[in-house]
Enquirer: 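The structure's right below; bear with me while I get my questions together.
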Amino acid sequence: KERVSTEIPDEDLDLTDPNNDDGEIVQGEYVTFAYSVTLPANTSVADGVLADDGHFAYSGGTVDYEFVDANVVRPEELPAGFELHVDTDPDAEYRPGTLTFPATYDVGDEDQTFTVEITVWVADTDAANPDHTPNLPHGEELENTARFIHSPPAGGDEEWTASDTVDYIEPNLQVAKGGSPNDSLQIGGDVTYTIEVTNPGDRPISYDNTIVDTVPEGLIVQVDSITGDGAWNAETREITWTVPQVPAADGELITFGYDVEIGPEAAGGADFVNTVEVEGHTLPDDLPDASERRGVRADSDQDTVTTVDAEITKGVRVADSDNAYADGTTVRVGDTVEYQVVVTLEPQINYWDPVITDTMPEGVQIQDATVSGPIASDSAIGGTWDYEVDGNIVTWTYDGDITSSADERTLLLTYEALVTDGEGFTAGDELENTAAFSWNRVDDNEDTRTDNFTDDAVVDLVHPVLEIAKS
């Protein structure tokens, strides 16, 4: 048995691959084996069968091949009673490529050789057939065995085998994507995306590759910036490139790029997740029936760019004092403290349906009459803040949206709270108070509300220390 040829290389089709020689095959690639039996002169053979095993053996077991063609190459004309079977019906009596002899065949005065050539290809797990088994590893040696079986005379051998091998290889198609800058973005700001397609590791060529980049809503594609003949589809929001082979025939790095602008509806803290996918094939489409047998290799990558968010700071001081607001203060039970919350809104970004909340610690009671604000530094923020107390959570909900502005703005909120003798309080307790600011990333869509941006202020509680002395 011997391997005769593989489909690549093919000089007639100018089809070559430095990483796929005539001892290797990729998924779907034809490989032709020849198997022969030589009968000694002046002998007889009863019920002879020359056949291929119908599969490849490899380190993990066996894998069936797909039959393409078989023919007898020696002798030029088969003697009477011989038949080459090519029926691919699974219920057929013989596997395709099997040569059956007559019940008895007498060899003449010279040795006689019978040779069959069979062409096959192997399937594998791929992006189009992810559940296919087995999943052949790259570089796996596939062994193909043929057998000659007959009814021997007493004491003779009834079976002979011979094998040859071919190595299975596959592309390693990969895509990577990055955006720059990728954080603290504002409306009107630009992001440049770069896409790189590779096939590392001395792997065989990936053919007829398609790269599709899906641009999320809210990013405005600068169509003139698209490199590499990419095509923009505004309806599907996809940019598509095609690449004949990876690696490129000229050895150049395969890269693409384009620019986007952050759209006017962008909210603070929004993540724009952009996905690129690449799909390639183990064979070029112009080979016969390639679309029915070639393997599909795919990869994807994501890149996330994020808009600027907001900042909140909280301070506390003893009420009616001239002290500066600080991260903490020390009081006794019965004292009143004053809290200040400042929310800083970044320029060129929207804050849809904003909410400020304050979680009061047990024993600290907000004094409703002292609440001032939120007061905006920009008079354009002229809506109403609805005030609500629910247990220990105080909420201010804006009755509209804070839309983008060219300038940084602030929201100022102050209020007083009475420190009471909470259950279980002891001297040295720290009463932590947390303020939070959140908003929707999409207008009127609570499912897109941001995590809270928070800051704390701490009240340290002291108690009088009484002593009694007697003399």
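When a residue number appears, it is its place in the shown sequence, counting from 1.
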Enquirer: Keeping the roles fixed (side chain from Q174, backbone from P200), state whether a donor-acceptor pair exists under 3.5 Å.
Expert: no
Enquirer: Minimum heavy-atom separation for R294 and L283, please, with both atom names.
Expert: NH1-O, 2.8 Å
Enquirer: Drop me the distance from E143's CD to S59's OG, to the nearest 0.5 angstrom.
Expert: 11.5 Å
Enquirer: Between I254 and Q245, which heavy-atom pair has the shortest distance, and what is it?
Expert: CD1-O, 3.8 Å
Enquirer: Checking the side chain of R297 only, and the main-chain atoms of G280 only, is there a donor and an acceptor separated by less than 3.5 Å?
Expert: no
Enquirer: Would a 4.5 Å heavy-atom cut-off, applied to side chains only, mark N209 and V197 as touching?
Expert: no
Enquirer: Where the side chain of T448 meets the backbone of N440, is there a donor-acceptor pair that is under 3.5 Å apart?
Expert: no
Enquirer: How many angstroms lie between OG in S405 and CD1 in I187, if you round to the nearest 0.5 Å?
Expert: 10.5 Å
Enquirer: Give the C-alpha distance, both sets of side-chain angles, the deciding distance and a yes or no for side-chain contact (heavy atoms from CB on, under 4.5 Å) between N350 and D401.
Expert: CA-CA 8 Å; N350 299 301; D401 305 309; over 6 Å; no
Enquirer: Any donor-acceptor pair under 3.5 Å linking the side-chain atoms of Q302 with those of T275?
Expert: yes
Enquirer: Using atom types as modelled and distance alone, determine if a side-chain donor or acceptor of D124 lies under 3.5 Å from a backbone N or O of Q27.
Expert: no
Enquirer: So does D89 have more than 12 non-hydrogen atoms from other groups sitting under 6.0 Å from CG?
Expert: yes
Enquirer: Does any part of the side chain of T434, heavy atoms only, come nearer than 4.5 Å to the side chain of E432, both counted from C-beta?
Expert: yes
Enquirer: Would you say that E265 contacts D443 through its side chain, given a criterion of any heavy-atom pair below 4.5 Å between the two side chains?
Expert: no
Enquirer: Using the side-chain contact (heavy atoms from CB on, under 4.5 Å) rule, take V45 and F148 through it: C-alpha gap first, then chi angles, then the decisive distance, then the call.
Expert: CA-CA 11 Å; V45 173; F148 180 67; 3.9 Å; yes
Enquirer: Go through the steps to decide whether T450 and F437 satisfy the test side-chain contact (heavy atoms from CB on, under 4.5 Å), and finish with yes or no.
Expert: CA-CA 9 Å; T450 62; F437 181 58; over 6 Å; no
Enquirer: Relative to the ring of F114, is the ring of Y105 parallel (under 30°), tilted (30 to 60°) or perpendicular (over 60°)?
Expert: perpendicular
Enquirer: Spell out, as yes or no, whether a donor-acceptor pair under 3.5 Å connects the side chain of T98 to the backbone of A51.
Expert: no
Enquirer: Keeping the roles fixed (side chain from Y193, backbone from F256), state whether a donor-acceptor pair exists under 3.5 Å.
Expert: no
Enquirer: Other residues, nucleotides and ligands only: do more than 12 of their heavy atoms fall within 6.0 Å of CG on D399?
Expert: yes
Enquirer: Looking only at atom types and distance, does a side-chain atom of Y351 sit under 3.5 Å from a main-chain N or O of E346, one as donor and one as acceptor?
Expert: yes
Enquirer: Any side-chain heavy-atom pair from Y168 and V63 closer than 4.5 angstrom?
Expert: no
Enquirer: So does T359 get a backbone contact from the side chain of N392, meaning a donor-acceptor N/O pair under 3.5 Å?
Expert: no
Enquirer: Hey, what do you get for CG (D164) to OH (Y35), rounding to the nearest 0.5 Å?
Expert: 13.5 Å
Enquirer: Ring-plane angle category for F56 and Y65, please: parallel below 30°, perpendicular beyond 60°, tilted otherwise.
Expert: perpendicular
Enquirer: Side chains of T344 and E408: closer than 4.5 Å at any heavy-atom pair?
Expert: yes
Enquirer: Compare all side-chain heavy atoms of R74 with those of T38 and state whether any distance is below 4.5 angstrom.
Expert: no
Enquirer: Donor-acceptor check, side chain of N19 to backbone of R203, threshold 3.5 angstrom: yes or no?
Expert: yes
Enquirer: Tell me, do D53 and R147 make a side-chain contact under 4.5 Å, heavy atoms counted?
Expert: yes
Enquirer: If you draw a 6.0 Å radius around CD in E446, do more than 12 non-hydrogen atoms from other residues or ligands fall strictly inside?
Expert: yes
Enquirer: Roughly how far apart are D106 CG and Q112 CD, rounded to 0.5 Å?
Expert: 11.0 Å
Enquirer: Have T32 and T119 got a donor and an acceptor in their side chains that come within less than 3.5 Å?
Expert: yes
Enquirer: Give a yes-or-no answer on whether the side chains of Q222 and D190 include a donor-acceptor pair shorter than 3.5 Å.
Expert: no
Enquirer: Where do E170 and T282 land on the side chain to side chain donor-acceptor pair (under 3.5 Å) test, with the steps shown first?
Expert: CA-CA 7 Å; E170 57 186 349; T282 58; over 6 Å; no
Enquirer: Would L185 and F272 satisfy side-chain contact (heavy atoms from CB on, under 4.5 Å), going step by step from the backbone distance to the final call?
Expert: CA-CA 11 Å; L185 300 168; F272 294 95; 5.9 Å; no
Enquirer: Hey, what do you get for CG (L287) to CD1 (I8), rounding to the nearest 0.5 Å?
Expert: 6.5 Å
Enquirer: Looking only at non-hydrogen atoms, find the nearest pair between W352 and T403 and report the distance.
Expert: CZ3-CG2, 4.0 Å
Enquirer: Can you check whether Y398 and W396 have ring centres sitting under 6.0 Å from each other?
Expert: no
Enquirer: Taking all non-hydrogen atoms of both residues into account, name the closest pair between P204 and N199 and its distance.
Expert: O-ND2, 2.7 Å
Enquirer: Is atom CG of D327 surrounded by more than 12 heavy atoms (other residues, nucleotides or ligands) closer than 6.0 Å?
Expert: no
Enquirer: What's the shortest heavy-atom distance between D21 and P9, and which atoms?
Expert: C-CD, 4.1 Å
Enquirer: When rounded to the nearest 0.5 angstrom, what distance separates CG in N20 from CG in L15?
Expert: 8.5 Å
Enquirer: Could you tell me if the side chain of F101 sits less than 4.5 Å from the side chain of P79, heavy atoms only?
Expert: no
Enquirer: Can you give me the closest heavy-atom contact between D271 and T306, atom names plus distance?
Expert: OD1-OG1, 2.8 Å
Enquirer: Given 3.5 Å as the limit, does a donor-acceptor pair link the side chain of D303 with the main chain of G178, or not?
Expert: no
